[in-house]
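Worksheet: the structure to be examined is printed underneath.
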Amino acid sequence: ALKTATAALDDPENAVRTYAVRALIKIGPPESIDRIYSMLAENGTYMLKHNAVPSCLQTLPVDRSDDIIRGLQHPNTAVREATVAACRAGPLRPTALPALLALVNDPSVALRWRVAEVLGRFRTSTDARAALLTLVSDPSGAVRNMAALKLSQMLSSDSRWLGPEGIRLY
């Protein structure tokens, strides 16, 4: 089954590749995830980049967070975007936080926007909060808005940031 699913990543049909991604994430070793990243970088369609791969990656258990970290550190922007999108849901992956923080200065506005969205999940992390404070000054208005939204959600939560020091945004 593993060999067939890996071969199906080269199929011209999106649905077939989507099912292959789903199967490889469930049954494949870490090398299968690298093959998914290669397919996405070389021949990924909009549906695969923005829907299929992120929704399948988010189902990886926490003990497979190294697979997510490799995607966050991938040289291809589409792979990094799909991997950050996968971090929007599913289990919180504290070991992936350093790789997410490294993307705060990525050249892609869409990627920085997604990173701001995901950093908001790390409500008690001083590093995530500092990165969001940096993103509030981003050149892109969309990124600034997302960073401000996530900071405001941290302030309105039951997190430890509620207080005079936590309220200071500028």
Side-chain angles (χ1 to χ4, degrees), residues 1-6 8-9 17-42 44 47-106 108 110-135 143 146-147 149-162 166:
L2 188 59
K3 190 174 187 178
T4 302
T6 302
L9 289 174
R17 288 195 284 170
T18 298
Y19 293 131
V21 167
R22 186 178 299 165
L24 288 171
I25 284 175
K26 285 184 179 180
I27 65 169
E31 296 78 30
S32 296
I33 304 299
D34 294 333
R35 179 63 181 95
I36 291 167
Y37 291 154
S38 294
M39 176 273 302
L40 198 58
E42 295 165 13
M47 194 221 21
L48 288 164
K49 291 175 186 177
H50 298 282
N51 295 317
V53 172
S55 66
C56 291
L57 283 174
Q58 73 189 21
T59 66
L60 282 170
V62 174
D63 65 351
R64 298 269 316 261
S65 292
D66 285 348
D67 295 334
I68 297 292
I69 292 167
R70 284 196 317 281
L72 295 171
Q73 297 171 338
H74 198 279
N76 183 274
T77 302
V79 173
R80 291 192 310 273
E81 285 181 3
T83 309
V84 171
C87 294
R88 293 184 309 187
L92 193 62
R93 301 173 189 278
T95 59
L97 183 58
L100 285 163
L101 294 170
L103 296 174
V104 166
N105 295 313
D106 194 272
S108 168
L111 186 64
R112 293 193 315 274
W113 184 89
R114 287 187 192 277
V115 167
E117 182 183 27
V118 171
L119 288 175
R121 295 186 69 200
F122 293 87
R123 292 181 183 259
T124 61
S125 167
T126 55
D127 292 334
R129 180 173 171 259
L132 287 169
L133 286 168
T134 297
L135 289 171
V143 174
M146 179 56 75
L149 172 66
K150 293 305 173 178
L151 279 168
S152 71
Q153 289 172 345
M154 282 180 171
L155 293 172
S156 65
S157 75
D158 60 353
S159 77
R160 63 182 172 169
W161 304 122
L162 205 51

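Values below: every heavy atom of this structure, side chains too, minus hydrogens, waters and symmetry copies.
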Test L135 against K150 for side-chain contact (heavy atoms from CB on, under 4.5 Å), laying out the working first.
-> CA-CA 11 Å; L135 289 171; K150 293 305 173 178; over 6 Å; no
When you look at T18 and V53, which way does the side-chain contact (heavy atoms from CB on, under 4.5 Å) test go after all the steps?
-> CA-CA 7 Å; T18 298; V53 172; over 6 Å; no
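Residues meeting the side chain to side chain contact (heavy atoms under 4.5 Å, CB included) test with S55, sequence neighbours left out: none. In this view, D34 and R70 satisfy the salt bridge (Lys or Arg N to Asp or Glu O under 4.0 Å) rule, not counting sequence neighbours.
The CE atom of M39 sits 11.0 Å away from the OG1 atom of T6 when rounded to the nearest 0.5 Å. If you take CZ on R112 and CD on E117, they are separated by 15.0 Å, rounding to the nearest 0.5 Å. Rounded to the nearest 0.5 angstrom, R129 CZ and T124 OG1 are separated by 12.0 Å. To the nearest 0.5 Å, the span separating CE on M146 from CZ on R114 amounts to 9.5 Å. Once rounded to the nearest 0.5 Å, the distance linking CG of L24 with CZ of R35 reads 9.0 Å. Here the OG atom belonging to S38 is positioned 11.5 Å from the CD1 atom belonging to I33, to the nearest 0.5 angstrom.
Applying the ring pair (Phe, Tyr, Trp, His ring centres under 6.0 Å) rule to pairs touching residues 49-99 yields Y46-H50, sequence neighbours excluded. Listed by first then second residue, pairs satisfying salt bridge (Lys or Arg N to Asp or Glu O under 4.0 Å) with a partner in residues 95-105 number zero, not counting sequence neighbours. Residue pairs satisfying the salt bridge (Lys or Arg N to Asp or Glu O under 4.0 Å) criterion with at least one member in residues 96-106, sequence neighbours excluded, are listed as follows: R80-D106.
G71 approaches V79 most closely through the heavy-atom pair O-CG1, 3.9 Å. Between L57 and A86, the shortest heavy-atom distance links the atoms CB-CB, 3.6 Å. A pairwise comparison of heavy atoms in R17 and A8 identifies CG-O, 3.4 Å as the closest pair.
With a 4.5 Å cut-off on side-chain heavy atoms, L40 and N76 do not count as touching. Side-chain contact between L119 and V104 is present, with at least one heavy-atom pair separated by less than 4.5 Å. Looking at heavy atoms from C-beta onward, L2 lies in side-chain contact with P29 at the 4.5 angstrom threshold. Residues P30 and D66 have side chains not in contact (no heavy-atom distance under 4.5 Å, counting atoms from C-beta outward).
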List the atom pairs, with distances to 0.1 Å, where a side-chain N or O of residues 87-96 and a protein N or O form a donor-acceptor pair under 3.5 Å, not counting sequence neighbours.
unit_1 : atom_1 : unit_2 : atom_2 : d
R88    : NE     : A85    : O      : 3.3
R93    : NH1    : P61    : O      : 3.2
R93    : NH1    : S65    : OG     : 3.1
R93    : NH2    : L60    : O      : 2.5

